[in-house]
Amino acid sequence: MKTIAFHTLGCKMNFAETSTLTRQVAAKGFEGIAFNEKADIYVVHSCIVTGAAERKCIAAIRQARKRNPEARIIVIGCMPEISPTRLLQEEGVDLILGNKDKYRLPDILENENFREEADAENIFVPSWSSGDRTRTFFKVQDGCDYFCAYCTIPLARGRSRSNTIAETIETAREIALSGAKEVVLTGINLGDFGKRNNEKFIDLLKALEDLRGIDRIRLSSIEPDLLNDDIIRLVAQSKKLMPHLHIPLQSGSARILSQMKRRYTKELFTERMRAIKELMPHACIATDVIAGFPGETEEEFNEEMDFISGSEISYMHVFTYSKRNNTKASELGDEVHGTVKKERSRLLHELSETKKDYFYLQNKGRECNALIESDRHQGFLYGFTDNYIKVRVPFQNESVNSIVRVKLLELADDGCYEVAMCYGL
């Protein structure tokens with residue numbers, strides 16, 4: 001039996017797809033082992049969202065080659081789509097498969113003469129992560145039609161597409177049988193689900209609500225222009241959909257948002273937050289921001305800091321702008337100096353921590369439901385409330401992968417809430 005090791009970089013969608021591919025190659029008779037072991041085949045699932053992600057991909061290739069010079073090395077995913085020449089220059093890379101071709105990997109490994117062509121614009125392969133008893137990431141949508149100025153994802157993953165609601169529910173039934181309590185719906189542009197099938201994302205959510213075997217549903221990210229009042233009301237009324245919404249902002253400057261070719265204004269973003277908090281006062285609102293977009297002035301950065309400081313945002317994922325070839329932003333010029341980008345990123349990270357601390361303190365004393373995970377450390381188990389506050393409870397075997405009612409008491413040194421266990425659900 002040949003051994004195969006996967007190494008995954010980038011987004012949760014990549015991890016979900018790797019899990020699916022791992023199950024498929026195992027069915028073909030390959031034994032999966034850790035990437036740091038000596039394997040017959042190494043597969044690097046790549047990411048290109050930043051220059052750092054590309055460098056990590058090259059580093060993983062070299063690590064694999066050093067570990068076993070005789071091994072076959074395969075790179076799949078976004079980097080073969082955007083930088084195939086760079087990969088083919090790297091010694092030891094035997095095969096590259098872009099996003100449209102990576103699902104052929106099990107057949108290629110079984111029969112290397114397999115070369116069926118795929119339709120890049122229409123193929124959609126649902127994927128879900130396994131190996132975590134508690135939570136699974138479920139890819140229900142792929143690709144993007146937005147073409148934001150800084151982003152190569154539409155070039156790497158193609159146009160927006162998904163299965164039908166009926167097909168998606170069939171895959172969800174498989175997930176329900178896995179025993180995972182929580183499903184995180186993922187996609188490149190999640191709210192665009194169903195676009196090609198004349199279906200709507202909200203109707204998928206309603207169908208998933210009715211599915212037995214899944215207790216909690218969390219949305220990974222949804223664009224402000226696609227998060228409408230009907231979806232917000234559904235989340236507010238639902239017992240399964242979690243009051244935790246990730247809404248990308250990217251910039252708090254009106255001019256920079258326009259330069260980024262984003263499809264919303266600061267005013268719309270603010271209205272979405274207001275609508276959420278009106279129906280769900282304790283909801284967690286997460287966002288993404290990019291530090292140092294080309295042409296961003298000190299005044300515009302201060303405008304962003306003021307906007308975020310006065311907003312209902314609970315915490316942020318901060319990304320430092322990274323120039324990507326074949327994007328509109330790469331043609332703008334007026335690059336922000338690296339040291340300035342680094343400082344702006346630091347300040348945004350600090351602001352994110354301040355916002356998160358305030359959000360946590362707002363919830364002190366509340367009773368809520370928490371899903372306890374299997375991660376054990378120093379006699380504690382950890383988990384997350386429905387509105388994504390991290391809690392810790394004394395270790396008990398029966399608590400693993402269970403939803404319990406807790407009261408948030410005091411913040412511990414590790415940033416988690418000490419809780420009083422009320423009862424199991």
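Predicted, not measured: the structure shown is a model, and the values here were computed from it.
For the pair K195 and D145, the salt-bridge criterion is met [side-chain N within less than 4.0 Å of a carboxylate O]. Between D101 and R104 there is a salt bridge, since a side-chain N of the basic residue sits under 4.0 Å from a carboxylate O of the acidic one. Salt bridge status for R161 with D142: present, with a side-chain N to carboxylate O gap under 4.0 Å. Ion pairing between K390 and E418 fails under the 4.0 Å rule for side-chain N and carboxylate O.
Aromatic rings of F35 and F6 (six-membered ring for Trp) have centroids beyond the 6.0 Å cut-off, not under it.
Cation-pi geometry between K139 and F124 is met: the NZ or CZ atom falls under 6.0 Å from the ring centre, inside 45° of the normal. Seen from the ring of Y146, K261 does not count as a face-on cation partner, given the 6.0 Å and 45° thresholds.
Here OG of S221 is found 9.0 Å from CD1 of I247. Values are rounded to the nearest 0.5 Å. K323 NZ to T50 OG1: the interatomic distance, rounded to the nearest 0.5 Å, is 15.5 Å. One distance of note links SG of C284 with CD1 of I313; it measures 11.0 Å at 0.5 Å rounding. Note that CD1 of I73 and NE2 of H7 are 12.5 Å apart. Values are rounded to the nearest 0.5 Å. F193 CZ to L204 CG: the interatomic distance, rounded to the nearest 0.5 Å, is 4.5 Å. Residue I231 holds its CD1 atom at 9.0 Å from CG of L245, rounded to the nearest 0.5 Å.
A donor-acceptor pair shorter than 3.5 Å can be found between the side chains of D288 and H246. Counting only N and O atoms by type, the side chains of S19 and S129 include no donor and acceptor under 3.5 Å apart. Side-chain contact annotation: H45 with K102, donor-acceptor N/O pair under 3.5 Å present. A donor-acceptor pair shorter than 3.5 Å cannot be found between the side chains of R324 and T327. Side-chain contact of Y315 with E353: a donor-acceptor pair under 3.5 Å is absent, judged by distance alone. E199 and T164 share no donor-acceptor pair across their side chains, judged by distance under 3.5 Å alone.
Counting heavy atoms from C-beta outward, V419 and K407 have side chains that stay 4.5 Å or more apart. The shortest distance between side-chain heavy atoms of E373 and L381 does not fall below 4.5 Å. Looking at heavy atoms from C-beta onward, M79 lies in side-chain contact with I58 at the 4.5 angstrom threshold. Between L371 and N401, some side-chain heavy-atom pair lies under the 4.5 Å cut-off.
Other residues, nucleotides and ligands place no more than 12 heavy atoms under 6.0 Å from the OH atom of Y358. Counting non-hydrogen atoms of neighbouring residues, nucleotides and ligands closer than 6.0 angstrom, the CD atom of E331 exceeds 12 such neighbours. Within a 6.0 Å sphere centred on NZ of K38, other residues, nucleotides and ligands contribute 12 heavy atoms or fewer. For NZ of K56, the number of neighbouring non-hydrogen atoms (other residues, nucleotides, ligands) closer than 6.0 Å is 12 at most. By the neighbour-count criterion of 12 heavy atoms within 6.0 Å, atom OH of Y321 is densely surrounded, having more than that number from other residues, nucleotides or ligands.
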Per-pair distances, 0.1 Å, donor-acceptor, side chain in residues 205-218, under 3.5 Å, sequence neighbours excluded:
residue : atom : partner : partner atom : Å
E209    : OE2  : S238    : OG           : 2.4
R216    : NE   : E182    : OE1          : 3.0
R216    : NH2  : E182    : OE1          : 3.2
R216    : NH2  : F384    : O            : 3.1
R218    : NE   : E182    : OE2          : 3.0
R218    : NH1  : H244    : ND1          : 3.0
R218    : NH1  : D386    : O            : 3.1
R218    : NH2  : E182    : OE1          : 3.2
R218    : NH2  : T385    : O            : 3.4

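Note: F293 and Y150 have perpendicular aromatic rings, judged against thresholds of 30 and 60 degrees for the angle between ring planes.
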Worked check of side-chain hydrogen bond (donor to acceptor under 3.5 Å, both in side chains) between S253 and E296: CA-CA 9 Å; S253 159; E296 181 186 68; over 6 Å; no

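Between the T3 side chain and the D40 main chain, a donor and an acceptor come within less than 3.5 Å of each other.
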